[in-house]
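What you see is a predicted model; the values in this text were computed from it and never measured.
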Amino acid sequence: MPTKLRAGRPAGPRPLRIPGGISLRLERRALVVGLLLAVVALALAVVLIGTGDFQIAPADVVQTLLGNGTPANDFIVNDLRLPRVLVALLVGASLGMSGAVFQSVSRNPLGSPDLLGFGYGSAVGALVVIIVFKGGATEVALGALVGGLIAGLAVYLLAYKRGINGYRLVLVGIGASAMLVAVIQYLLTKAQLVEATRAMVWLTGSLAGRDWGQVWPLLAACAVLFPLVLGQGRALRMMEMGDDAAHALGVRVERTRLLLMVAGILLTTAASAAAGPISFVALAAPQLARRLTRSPGAGLLTAALMGAVLLMLSDWASQRAFGADQLPVGVVTGLVGGVYLLWLLVTERKAGRI
């Protein structure tokens, strides 16, 4: 169909030119959705900070964050609750962006870190530290990071054959996940009661007890990896058209794919190190963001914002939706994500894509 004109300009994405020769193309709907998601994320953050045994009104939360709160509110907000909310926001954003990267690289809606084995690799690394080496929280986080990287490298090498095929990557990832689950179960059978209990708490995925010690490393990882991934957004959009088309347009396909996969694995493992394996956020966030923006490509930033919103909503539900019983946030994301995965499979089957 011919492009509609309005006031002499074509509809659709408009170029935004920045001094220095840099130009960006912005889709109006994607920009509006991104801004709305950012507002929702900030509102949820304020609500979550005020949620707990000692309720704090949103206005008082804002005043305290601005430095005008009472000493009691200042202690509760800044020392007890703000770190947990920041971890939720950063973990959700990391998982959302990582999911967008892998679904785009694999060109498969099931190409999520949850299903490719990277989260299970982090779990194996963490459990080895807990059960075998009796390590503390810092050592467990490092073990999760190393385990996720090893699992990611193994999946990449096993799936590589003159390039990476999306379905081959997913199939190898599913196989790796099954093997890693078996390793997790073996480690749990060899653990003492105290170690097994600690391991199960970590495996569930939780934001309880998070402090500034988890915030700063995760924030540093996001500060490095987010710009790196966003800087490859244009190349990623071209790669969705196929390797040959992307190569013809000047994209170094394998180099870019490897760089994006390493960044996505690091985002996933950093999130797992901070909060344990949080399931299904990486799967659902990019697809929900894409449905809202009606964009055919990978909306990296909107996927990150959607991931933050989903995880903070799940954290609120884990604290408030089940009465006096507070569930780990990983249980809530698993329940919601399982329903979403079934719906996705039915939808994809009806569309004839699987």
Side-chain angles (χ1 to χ4, degrees), residues 34-98 136-138 140-141 144-145 201-202 204-226 267-278 281 285 301 304-322 324 326-333:
L35 290 174
L36 289 176
L37 287 174
V39 170
V40 171
L42 290 175
L44 284 171
V46 171
V47 171
L48 273 174
I49 291 173
T51 299
D53 294 333
F54 184 82
Q55 294 286 331
I56 303 176
D60 294 334
V61 171
V62 174
Q63 288 295 321
T64 303
L65 292 174
L66 294 176
N68 299 320
T70 64
N73 284 353
D74 183 68
F75 173 73
I76 293 172
V77 169
N78 293 316
D79 293 340
L80 298 182
R81 297 180 183 173
L82 181 59
R84 173 176 178 149
V85 172
L86 289 177
V87 169
L89 191 152
L90 292 172
V91 167
S94 299
L95 293 175
M97 184 170 288
S98 177
T138 302
V140 170
L145 187 65
V201 170
W202 191 89
T204 303
S206 175
L207 296 170
R210 295 304 179 264
D211 56 26
W212 292 104
Q214 284 86 33
V215 173
W216 297 121
L218 183 57
L219 182 61
C222 291
V224 173
L225 295 172
F226 278 18
L267 285 171
T268 302
T269 54
S272 298
I278 305 294
V281 172
L301 192 56
L305 291 170
M306 178 61 75
V309 169
L310 287 178
L311 191 54
M312 287 195 290
L313 273 174
S314 298
D315 191 30
W316 178 87
S318 71
Q319 296 182 58
R320 307 297 296 177
F322 300 94
Q326 291 193 12
L327 297 179
V329 69
V331 174
V332 177
T333 60

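Separation of atoms CG (Leu89) and CG (Leu219) is listed at 10.5 Å; rounding is to 0.5 Å. Thr204 OG1 to Leu327 CG: the interatomic distance, rounded to the nearest 0.5 Å, is 10.0 Å. Taken from CD1 in Ile49 to CG in Leu80, the straight-line distance is 11.5 Å, to the nearest 0.5 Å. Rounding to the nearest 0.5 Å places CG of Leu95 at 8.5 Å from CG of Leu267. The CD atom of Gln63 lies 12.5 Å from the CD1 atom of Ile56; values are rounded to the nearest 0.5 Å. Atom OG1 of Thr333 sits about 10.0 Å away from atom CG of Leu310, to the nearest 0.5 Å.
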Exercise. When you look at Val62 and Leu66, which way does the side-chain contact (heavy atoms from CB on, under 4.5 Å) test go after all the steps?
Worked result: CA-CA 6 Å; Val62 174; Leu66 294 176; 4.0 Å; yes
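The shortest side-chain heavy-atom distance between Leu305 and Val40 does not fall under the 4.5 Å cut-off. A heavy-atom distance below 4.5 Å is not found between the side chains of Leu301 and Phe226. Contact of the Leu44 side chain with the Trp316 side chain is not registered, since no non-hydrogen atoms from C-beta on lie closer than 4.5 Å. Met312 places a side-chain heavy atom less than 4.5 Å from the side chain of Val85. With contacts defined as side-chain heavy-atom distances shorter than 4.5 Å, the pair Arg81/Phe54 qualifies. For the pair Asn73 and Thr70, the minimum side-chain heavy-atom distance is below 4.5 Å. With a 4.5 Å cut-off on side-chain heavy atoms, Val215 and Leu82 do not count as touching.
The two atoms that bring Ala144 and Ala273 nearest to each other are CB-CA, 4.1 Å, heavy atoms only. Between Gly96 and Ala285, the shortest heavy-atom contact is CA-CB, 4.0 Å. Between Ala88 and Leu311, the shortest heavy-atom contact is O-CD2, 3.3 Å. When all heavy atoms of Leu218 and Ala274 are compared, the closest pair comes out as CD2-CB, 3.9 Å. Here the closest non-hydrogen pair linking Trp202 and Ser272 is CZ2-O, 3.3 Å. Smallest separation of non-hydrogen atoms from Val329 and Leu207: CG1-CG, 3.9 Å.
When atom types are taken as modelled, the side chain of Ser318 and the backbone of Asp315 share a donor-acceptor pair closer than 3.5 angstrom. Remark: the backbone N or O of Asp211 is not paired with any side-chain donor or acceptor of Arg84 at under 3.5 angstrom.
Within a 6.0 Å radius of CH2 in Trp216, other residues, nucleotides and ligands contribute 12 heavy atoms or fewer.
In this structure, a donor-acceptor pair under 3.5 Å is present between the side chains of Ser98 and Thr268.
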